[in-house]
Amino acid sequence: MKALHKLDHSFYQRDVLEVAPDLIGKYLVRKHSNGRLFRNRITEVEAYRGEEDQACHASKGRTSRTEIMYHKGGVIYVYLIYGMYWMLNFVTGMENIPQAILIRSLENIPGPGRITRELEIDGSFYGISLISSGKIWLEGHHEKYGFITKTRIGVDYAGEVWKNKQWRFVMDPPPFGSPLSRERGGTGG
DNA sequence: GTTAAGATTCCG
DNA sequence: GGAATCTTAACG
């Protein structure tokens with residue numbers, strides 16, 4: 001078994017459309033205050049790219065909420081949706097270029113709201129470092145996973161051009177035994 | 001200050 | 001299909 005290494009700034013400080021597919025199969029590691037360690041592979045993400053992307057929160061420009069997306073890659077962007085669920089995002093790219101990747105599913109946790117609930121991630125994670133916080137980081141090895149692209153979920157308001165971007169990346173083939181693999185072999189409707 | 005809507009999830 | 005639940009952005 002290959003050794004896992006922690007991903008550093010060089011991984012995150014690339015264009016969001018390069019980083020997003022590279023996230024597939026990487027291990028998300030969460031260290032709790034009691035020392036307990038959670039480690040699970042990322043299976044689905046979505047890219048949000050720049051002020052021109054009408055589905056990206058930064059399309060509203062710099063605000064207190066979007067400010068962190070203008071930071072160079074390697075920090076966390078979280079926000080509350082529907083008053084109930086925290087969405088976990090990784091900021092990517094260079095300084096002053098707003099980008100982020102929504103972590104939509106892990107190997108055993110489908111759903112962005114469920115990920116933050118189970119990993120105990122909330123607003124206090126806004127802006128913390130994926131490299132030096134010690135609370136959350138990524139590990140990987142030099143191996144690429146297969147993936148397919150799809151349109152992003154829940155962004156129909158963004159207009160024809162942006163809502164149709166194939167900027168959702170899903171592990172394919174899915175991990176054996178996962179809900180995804182069962183879905184795949186299903187009846188098809 | 002008020003208001004509409006949201007990168008969701010769960011139940012029926 | 002609809003409720004839960006509250007922050008954000010837009011407007012005044």
Side-chain angles (χ1 to χ4, degrees), chain A residues 12 14-26 28 30 38 40-71 73-93 96-128 130 136 138 147-172 174 178-180 182-183 186 189:
Chain A
Y12 303 100
R14 297 178 291 149
D15 188 89
V16 70
L17 294 180
E18 291 183 43
V19 181
D22 279 359
L23 280 176
I24 300 301
K26 294 292 189 294
L28 176 61
R30 166 84 172 102
F38 171 98
N40 214 330
R41 284 188 298 180
I42 295 170
T43 57
E44 182 173 358
V45 302
E46 281 178 3
Y48 290 85
R49 187 173 188 269
E51 292 182 347
E52 58 178 6
D53 177 2
Q54 292 302 301
C56 181
H57 290 161
S59 63
K60 309 285 186 187
R62 278 183 191 260
T63 67
S64 56
R65 180 209 222 182
T66 65
E67 183 61 34
I68 198 64
M69 295 178 78
Y70 291 79
H71 195 278
V75 296
I76 284 183
Y77 168 42
V78 285
Y79 65 92
L80 189 65
I81 191 69
Y82 300 119
M84 314 173 92
Y85 300 105
W86 291 100
M87 300 286 101
L88 173 64
N89 298 254
F90 300 158
V91 173
T92 65
N96 295 322
I97 309 229
Q99 305 183 333
I101 299 171
L102 171 67
I103 308 305
R104 194 166 262 297
S105 291
L106 302 182
E107 195 166 358
N108 293 310
I109 309 178
R114 293 180 56 185
I115 291 172
T116 54
R117 193 178 61 193
E118 297 196 24
L119 271 60
E120 297 175 23
I121 292 167
D122 61 19
S124 69
F125 281 64
Y126 184 94
I128 71 171
L130 282 159
I136 182 169
L138 290 179
F147 64 89
I148 56 176
T149 60
K150 294 176 175 292
T151 54
R152 295 174 292 182
I153 292 174
V155 296
D156 284 353
Y157 60 82
E160 288 300 315
V161 172
W162 302 102
K163 81 177 190 183
N164 289 322
K165 292 288 186 189
Q166 303 274 303
W167 287 354
R168 178 155 59 108
F169 302 86
V170 185
M171 182 185 282
D172 186 81
S178 76
L180 288 174
R182 266 176 265 132
E183 204 175 286

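Just so it is clear: chains get the letters A, B, ... in the order the sequence lines come, proteins before strands, and each one is counted from 1.
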### Query
Can we say A:Arg104 and A:Glu46 salt-bridge, meaning some charged N sits less than 4.0 Å from an Asp/Glu carboxylate O?
yes

#### Entry: DNA chain C stem ranges, 3 or more consecutive Watson-Crick or G-U pairs under 3.5 angstrom
B:1-6 with C:6-11, B:8-11 with C:1-4

### Message
If only side-chain N and O atoms count, and only distance matters, is there a donor-acceptor pair under 3.5 Å linking A:Gln99 with A:Tyr77?
### Response
no

### Query
Do the charged groups of A:Lys165 and A:Asp53 touch, with an N to O distance under 4.0 Å?
no

### Audit row: A:Lys163, A:Thr151, side chain to side chain contact (heavy atoms under 4.5 Å, CB included) steps and yes/no
CA-CA 7 Å; A:Lys163 81 177 190 183; A:Thr151 54; over 6 Å; no

### Query
Taking atom C1' of B:dA7 as reference, at what distance in whole Å does atom CZ of A:Phe169 sit?
15 Å

### Query
Would one find a side-chain N or O of A:Arg117 under 4.0 angstrom from OP1 or OP2 of B:dC10?
yes

### Query
How many Å lie between OH on A:Tyr85 and C1' on C:dT8, as a whole number?
19 Å

### Query
Less than 5.5 Å between centroids and less than 30° between ring planes, does A:Tyr82 satisfy that with C:dA4?
no

### Query
If you check the A:Thr63 side chain, which of C:dA9, B:dT8, C:dC6 turns out closest?
C:dA9

### Phosphate contact (C:dT8 OP1 or OP2) by A:His57 side-chain N/O below 4.0 Å
no

### Task
Among the candidates B:dT8, B:dA7, C:dA10, find the nucleotide nearest to the side-chain atoms of A:Lys60.
C:dA10

### Query
Do A:Phe90 and A:Leu23 come close enough that some side-chain heavy atom pair is under 4.5 Å?
yes

### Summary
Which of C:dC6, B:dT9, B:dA7 is nearest the side chain of A:Arg114? It is B:dT9

#### Entry: Candidate nucleotides B:dT8, C:dA9, B:dG6, ranked by approach to the side chain of A:Pro112 - the nearest
B:dT8

### Task
Check the distance between C:dA9's C1' and A:Glu67's CD and give it to me in whole angstrom.
16 Å

